[in-house]
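The first residue in the sequence is number 1, and the count goes up from there. On a predicted model such as this, the values are computed, not experimentally measured, just so you know. Below, each value reflects all heavy atoms present in this structure, side chains not excepted, and no hydrogens, waters or symmetry copies.
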Amino acid sequence: MPQTHPSPATDHSAPTIQATATSALQTELSLEERLAFTNTAMTMRLDEAKVAYEVNTAHIPTEPVDLADIVSRPVDTGPAPLPELYPTPVAALLQRAHHRLLAGGWCKDVLVDEDGARCMLGAIRIEARGDRGLDADAASVLLDAIRRQFGDDVDSVPSFNDAHGTGRTPIRMVDLAAHLADARSL
């Protein structure tokens, strides 16, 4: 049976609805409108997936996990290897100590704190690997570099280290001492 057009006397709203539907089909949605519709559809799908997951796993007994029991502090993997060391032993030691301070952290008032951070002398000692002569030479060059920069009234490397509130200056001085040792071919 063929459809007939409604008569104007019987249905006054049909032409308005038909005109609205026709105009909606003729106008394309803007990118923002399409993104908004897609966002709404994805949000609905994610909400449904979340509910389905909760329903499907509700029978599995679980206990809450306290991350403080698992992670107590960062894992010490040690500093990353240096790309190229100075060719001389004292300069190379000071460069390794500088890298250790950057990677492992700086501290004051102790050689090594509870988190593994080190003071200037602590970094030199760990990188000297038990060679007390090399350790002493590096500390001597470091003290000389400090005195060149801050004057002869600096008593020792530990006193200089402990006089600072942050590691910025002490770490920079270890790097300068490495340059100085390299310039002296030590």
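Judged purely by atom type and a 3.5 angstrom limit, Asn161 has no side-chain atom pairing as donor or acceptor with the backbone of Cys119. Using modelled atom types, no side-chain atom of Arg118 and backbone atom of Arg100 make a donor-acceptor pair closer than 3.5 Å. Under a 3.5 Å cut-off, the side chain of Ser140 and the backbone N or O of Ala136 do not form any donor-acceptor pair. The closest donor-acceptor contact from the side chain of Asp115 to the backbone of Ala117 lies at 3.5 Å or more, if one exists at all.
Annotation: the span from Thr169 atom OG1 to Gln149 atom CD amounts to 9.0 Å, rounded to 0.5 Å. Distance check: Thr88 OG1 to Leu93 CG gives 10.0 Å after rounding to the nearest 0.5 Å.
Taking each heavy atom of Leu121 and Ala139 in turn, the nearest pair found is CD1-CB, 4.1 Å. Of all non-hydrogen atoms in Ala91 and Ala178, the two that sit nearest each other are CB-O, 3.6 Å. Scanning both residues, Val90 and Ala138, for their nearest heavy atoms gives CG1-CA, 3.7 Å.
Under the 4.5 Å side-chain heavy-atom criterion for grouping Ile, Leu, Val, Met, Phe, Trp and Tyr, Tyr86 is not connected to Leu142 through any hydrophobic cluster. In terms of hydrophobic clustering, with Ile, Leu, Val, Met, Phe, Trp and Tyr side chains grouped at heavy-atom distances under 4.5 Å, Leu111 and Ile126 are assigned to different clusters. Linking Ile, Leu, Val, Met, Phe, Trp and Tyr residues whenever their side-chain heavy atoms come within less than 4.5 Å leaves Leu35 and Leu29 in two separate clusters. Following chains of ILVMFWY side-chain contacts shorter than 4.5 Å, one cannot reach Leu101 starting from Val110, and the two form parts of different hydrophobic clusters.
Ring planes of Phe160 and Phe150: tilted class, angle from 30 to 60°.
Using a 3.5 Å distance cut-off with no hydrogens or angles, the side chains of Ser156 and Ser159 do pair a donor with an acceptor.
Between Asp135 and Arg132, at least one side-chain nitrogen of the basic residue sits less than 4.0 Å from a carboxylate oxygen of the acidic one, meeting the salt-bridge criterion. Salt-bridge annotation for Arg125 and Glu127: absent, with no side-chain N of the basic residue lying under 4.0 Å from a carboxylate O of the acidic one.
Using a 4.5 Å heavy-atom threshold, the side chains of Met173 and His164 count as separate. Within the 4.5 Å cutoff, no side-chain heavy atoms of His179 are placed close to those of Leu94.
The only member of Ile124, Leu176, Ile171 that meets side chain to side chain contact (heavy atoms under 4.5 Å, CB included) when paired with His98 is Ile171.
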